Amino acid sequence: MNILLIGSGGREHALAWKMAQSPRCTALWASPGNPGIAEVIAAHDGQGGCVPLTLTDHAAVIAFCADHAIALVVVGPEAPLVDGLGDSLRAVGIAVFGPGKDAAQLEGSKGFTKDMCTRAGIPTAGYVRARSAAEAHAALAGFALPVVIKADGLAAGKGVVIAQTAEEAAATIDDMFAGAFGGAGAEVVIEEFLEGEEVSLFAITDGNAIALFGSAQDHKRVGEGDTGPNTGGMGAYSPAPVLTAELEARAMAEIIAPTVKAMADAGMPYSGVLFAGLMLTANGPKLIEYNCRFGDPECQVLMMRLESDLVDLLDACARGELARAAAPSLSAANAMTVVVAARGYPATPASGGAIANLPAAEAHGAKVFHAGTAATDEGALVAKGGRVLNVTATGASLQEARDRAYAALAEIRFDDGFWRGDIGWRELARQAG
Ligand code: AMP
Ligand code: GLY
């Protein structure tokens, strides 16, 4: 079948790489794609290509699909889903992997998700939704410190503040209602602070059937030791042993399954991938947040472990046929990805730095996914964006995966780049005892 993949990051490169391995993938198109995805397509008989569609122009995307006989659209990032691209495509009979606009509120509105948790009895932090600064200030009295304050809408991972003092909490509320996060802060959610270790759990669903897709942990802070500003993620590994089989089963039964049911009951069945951010508290797993897409860079490590035909799985979700598909099979291998970012990330990443020697890195058995790269007219590779490359490897142990990823990284020439040297440190320390 002909497939259109939406997105341009390392997540999409990993999805493209895995989909191209499927005998069912005929032409693979990506919009906008990136140079790594272009390489995948070229190696895959060159059928398809990268096309810069205007993703907010749904009619243009539909027209492209009609012209290229696209049978499946796979949406990587959240913005087009929250914007309803899935609904527009489904309305004209095109199968889409990813939820519609209503169901994508699980990521697009934190208040929506909290209310769904209340209705379905899903374990999560206690909360209050506030639609004005006055309401929010009044609600603060009901929370201990630290207290978590979140802009309701999409804020590129930046709309969450853990306030240590009442003054900081009050100032955060004022900032959010004054527009610090634009429209995302027109409503805020105030939450109880949960203690524990965070882990990510992935499940795919067609709105009814559900299949476990594995666990991962990422490192959100830019600096070693998990310090400094938040980023989209500086590295990740899968599986996350801290999520034991028992905890994973609890999270599936107490969080994922009731969510899928609650969404169906509400008349907005969720299809696609559910990416649950969980806190492993003393009282069991609690939901921190949902994302309506694969994590980036968590997707990269999941794809390294996936043994199943990815096209089969995504297509089965898109067509409501997941019950008939074989469950996703993930290898027992450990996978790690290290993000190479451009100097200045996350505030002001340097653009245009030359990148070389990726084949030497891959000769170490690693896979280098492109995140923010561009090809110059002369065919050279340069940085374009904050997170630039994802150097990814597997191993029989996490330590082995780590050593392979960092050995590969040492080959890469990218003077403007930096990375964290301690990805996986918490888990590696635990394993070292
Ligand atoms: P979110 O965007 O909702 O994932 O929040 C970003 C980060 O803030 C999470 O990854 C957690 O580290 C932290 N966080 C969010 N909510 C809570 C909470 N209720 N308790 C403790 N930490 C939280
Ligand atoms: N790496 C976290 C995310 O994709 O949201």
Side-chain angles (χ1 to χ4, degrees), residues 7 9-12 14-15 76-79 81-82 106-114 117 122-128 143-164 169 172 176 181 184-185 188-202 215-222 226-238 240 273-283 285-303 337-339 341 345-346 369 371 386-387 390 392 420 423 426:
R11 168 182 48 210
E12 287 76 25
L15 291 170
E78 64 277 17
L81 295 168
V82 172
L106 281 182
E107 176 160 0
S109 166
K110 296 184 190 295
F112 172 90
T113 301
K114 299 299 279 190
C117 288
I122 292 169
T124 188
Y127 72 102
V128 170
F143 289 85
L145 292 170
V147 61
V148 184
I149 301 177
K150 301 182 174 180
D152 181 76
L154 290 185
K158 298 189 185 75
V160 176
V161 174
I162 298 175
Q164 302 293 338
T172 300
M176 285 192 184
F181 299 102
V188 308
V189 176
I190 302 175
E191 275 185 30
E192 166 202 6
F193 177 77
L194 296 176
E195 276 187 72
E197 188 160 341
E198 278 183 73
V199 64
S200 301
L201 178 65
F202 295 84
S215 64
Q217 279 185 298
D218 80 340
H219 293 267
K220 288 208 173 71
R221 305 298 193 95
V222 74
D226 296 321
T227 54
N230 257 320
T231 70
M234 293 298 290
Y237 50 96
S238 174
V273 56
L274 268 178
F275 162 8
L278 305 176
M279 190 71 88
L280 302 180
T281 73
N283 298 318
K286 293 194 178 183
L287 180 71
I288 301 173
E289 63 153 2
Y290 271 126
N291 296 300
C292 63
R293 36 125 190 132
F294 280 108
D296 187 350
E298 291 89 335
C299 184
Q300 290 80 315
V301 282
L302 292 173
M303 291 306 136
T337 187
V338 181
V339 171
Y345 177 73
F369 294 115
R387 294 186 294 174
N390 310 138
T392 315
R420 278 181 59 169
I423 299 305
R426 199 175 273 114

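Both counts, for ligands and for their atoms, begin at 1 and track the order of listing. Only a predicted model underlies this, so the values are computations on that prediction, with no experimental measurement involved.
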Number the atoms of ligand 1 from 1 as they appear, then name those within less than 4.0 Å of a heavy atom of [X], with their elements.
X: Lys110; answer: 2 (O), 3 (O)
X: Ala125; answer: 19 (N)
X: Lys220; answer: 10 (O)
X: Met279; answer: 21 (C), 22 (N)

Considering Ile288, Leu194, Ile190, which one's heavy-atom position lies nearest to atom 20 (N) of ligand 1?
-> Leu194

From the options Val161, Ile162, Asn291, select the one whose nearest heavy atom is closest to atom 23 (C) of ligand 1.
-> Ile162

Validation row: [X], [Y] side chains within 4.5 angstrom (heavy atoms):
X: Val161; Y: Met176; value: yes
X: Thr227; Y: Arg221; value: no
X: Glu191; Y: Tyr127; value: yes
X: Ile288; Y: Leu278; value: no

Can you spot which of Thr337, Asp218, Val301 makes a side chain to side chain contact (heavy atoms under 4.5 Å, CB included) with Ser238?
-> Val301

Ionic contact status for Asp226 with Arg420, cut-off 4.0 Å = yes

Mind checking the CG-CG spacing from Asp296 to Asn291? Nearest 0.5 Å is all I need.
-> 11.0 Å

What is the distance from atom NZ of Lys220 to atom CE of Met234, rounded to the nearest 0.5 Å?
-> 13.5 Å

So is Glu192 in contact with ligand 1, going by heavy-atom distances below 4.0 Å?
-> yes

Identify, with sequence neighbours excluded, every residue that meets salt bridge (Lys or Arg N to Asp or Glu O under 4.0 Å) alongside Glu289.
-> Lys110

Residue portion contacting ligand 1 (non-hydrogen atoms closer than 4.0 Å) for Lys150 = side chain

Gln217 side chain to Glu198 main-chain N or O, any donor-acceptor pair under 3.5 Å?
-> yes

Contact residues of ligand 2, where a non-hydrogen atom lies under 4.0 Å away | Asp218, Gly232, Phe275, Arg293, Gly295, Asp296, Pro297, Glu298

